[in-house]
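Every number for a ligand or one of its atoms is a count from 1 in the order of the listing. Side chains are part of it too, since the values below use all heavy atoms of this structure and drop only hydrogens, waters and symmetry mates.
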Amino acid sequence: MKICKSISELIKLRRSGGLGDIGFVPTMGALHSGHGSLIQRSVEENDSTVLSIYVNPTQFDNADDLANYPDKNQADHTLAESLGVDIVLMPTYEQLYPDLYRYFVDEKEFSHVLCGAHREGHFTGVLTVVMKLLNIVRPARAYFGDKDQQQLKLIEGMVAAFFLDSQVIGCATVREQDGLALSSRNLNLTAEQRRQAPNFYKALMTSLDDDEVAAILSQEGFKVDYIQTINSRRYGAAFLGPVRLIDNVELNAGLNVGLNNDVQRKVAQ
Ligand code: PAF
């Protein structure tokens, strides 16, 4: 496995033609089995797999969250190698943002609801870095987890809107046995918060309406950003201490609560 710390080195390797069809798994590191499932699928479906590890500052609206984002480089490399990754791309800010973020990709509708309504500029940062990475790697296929479903849909929309020549593949959320969706941020939960955290998923899955779910979570000590059901899918974000958990679950048909037609239309696109 090759570790590429420079974008130009990666581009040189790609242009040499030896990588064939590239599968791409963009990450911010602190890899867990959710990332592992994306990597495995990429290794199965492509001639070579590129994994990027880059904690992208432009998508953080909170300096503490950025500073506390877990860093597990050595363990990440060991896992990536064991799963068959060919190249790990680890660019620097200076390489990725030669324009100092003067240019960016902005989406005007769906990026402003759900997480976008609570994290100023978050999806602009995500879309911009993913656009840059897709242009650098030029993968046949790029893999993203369904836990961040809003991110996945926005990236699908961007790839279509800009005629990018990569297929976006969404992969199912991987959960702990107790239902908690895997996330790098789970590493920052205390033992007590880790014990409480699955209640977030369990509350999302109930047949209560969104406001009732939010009320129950608040009683249990979560600080709820939003609980919102759109087209039978319930999305939620809530803090446990400093850790922000997000998740989404499919509800039974007929459980569409508190829907706004405009938002439904955007999600359905
Ligand atoms: O999902 C993530 O880890 C990040 O948002 C991504 C897609 C790697 C962009 O920085």
When the side chains of residues 21-33 are checked against the rest of the protein, which donor-acceptor pairs come out under 3.5 Å, sequence neighbours left out?
from: T27; atom 1: OG1; to: G29; atom 2: N; distance (Å): 3.0
from: T27; atom 1: OG1; to: S52; atom 2: O; distance (Å): 2.8
from: H32; atom 1: ND1; to: G34; atom 2: N; distance (Å): 2.9

**OP:** For the pair D47 (side chain) and L19 (backbone), establish whether a donor and an acceptor sit closer than 3.5 Å, ignoring hydrogens and angles.
**Re:** no
I'd like a table of the close N/O pairs between ligand 1 and the protein (anything under 3.5 Å), one pair per line with both atom names and the distance.
from: ligand 1; atom 1: 1 (O); to: Q151; atom 2: NE2; distance (Å): 2.9
from: ligand 1; atom 1: 5 (O); to: Q59; atom 2: NE2; distance (Å): 2.9
from: ligand 1; atom 1: 5 (O); to: Q151; atom 2: OE1; distance (Å): 2.8
from: ligand 1; atom 1: 10 (O); to: Q59; atom 2: OE1; distance (Å): 2.6

Original post:
How many angstroms lie between atom CD of Q95 and atom NZ of K132, to the nearest 0.5 angstrom?
Top reply: 11.5 Å
Subject >> Test ring pair (Phe, Tyr, Trp, His ring centres under 6.0 Å) applied to Y69 - qualifying residues, sequence neighbours left out >> reply: F60
Original post:
Taking only residues two or more places apart in sequence, or in another chain, which ones meet R185 in a salt bridge (Lys or Arg N to Asp or Glu O under 4.0 Å)?
Top reply: D65
**OP:** For the pair R14 (side chain) and I136 (backbone), establish whether a donor and an acceptor sit closer than 3.5 Å, ignoring hydrogens and angles.
**Re:** yes
